[in-house]
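Below you'll find the structure, written out as structure tokens, and then a few comments.
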Amino acid sequence: MNGQSGFQFENNKDKIAIPFQLINNLVFIPLEVNGVPLNFLLDSGVDETILLSLDDKEEVSLHSVKKIKLKGLGSNEPIEGLKSSNNILSYKRIGR
């Protein structure tokens with residue numbers, strides 16, 4: 001399963017710089033989901049993006065949402081989550 005059907009760097013560039021924060025040896029990247037700023041933990045070993053702790057982000061509007069069960073998160077019992085598609089992830093460049 002692919003995370004995206006394709007991507008393209010803007011202005012025909014072959015690389016971009018993405019700002020991040022290093023906290024306790026974890027890489028956090030500030031991104032926007034449908035225009036709402038969130039911080040993402042970079043984890044190159046996952047197949048899907050998982051959003052946690054959205055309680056204080058009530059304004060996040062996700063598209064095509066359906067309930068799913070997630071296993072393997074430190075418990076034998078599955079937890080309920082939401083699967084969403086057709087959202088827009090973006091980042092804001094710092095400086096130029």
Atom pair [atom1] ([X]) and [atom2] ([Y]), whose distance is rounded to the nearest 0.5 Å:
X	Y	atom1	atom2	value
E77	K69	CD	NZ	9.5 Å
L62	N87	CG	CG	5.0 Å
N39	L31	CG	CG	8.5 Å
I29	L42	CD1	CG	4.5 Å

Around atom CG of L22, are there more than 12 heavy atoms of other residues, nucleotides or ligands at under 6.0 Å? yes
For H63, is there any backbone N or O sitting under 3.5 Å from a side-chain donor or acceptor partner on S84? yes
Cluster link [X] to [Y], ILVMFWY, side chain under 4.5 Å:
X	Y	answer
L41	L38	no
L89	V60	yes
F20	I23	no

Closest non-hydrogen atom pair, P19 against P30: O-CD, 3.5 Å
With the side chain counted from C-beta on, respond yes when K66 and L82 share a heavy-atom pair under 4.5 Å apart, and no when they do not. no
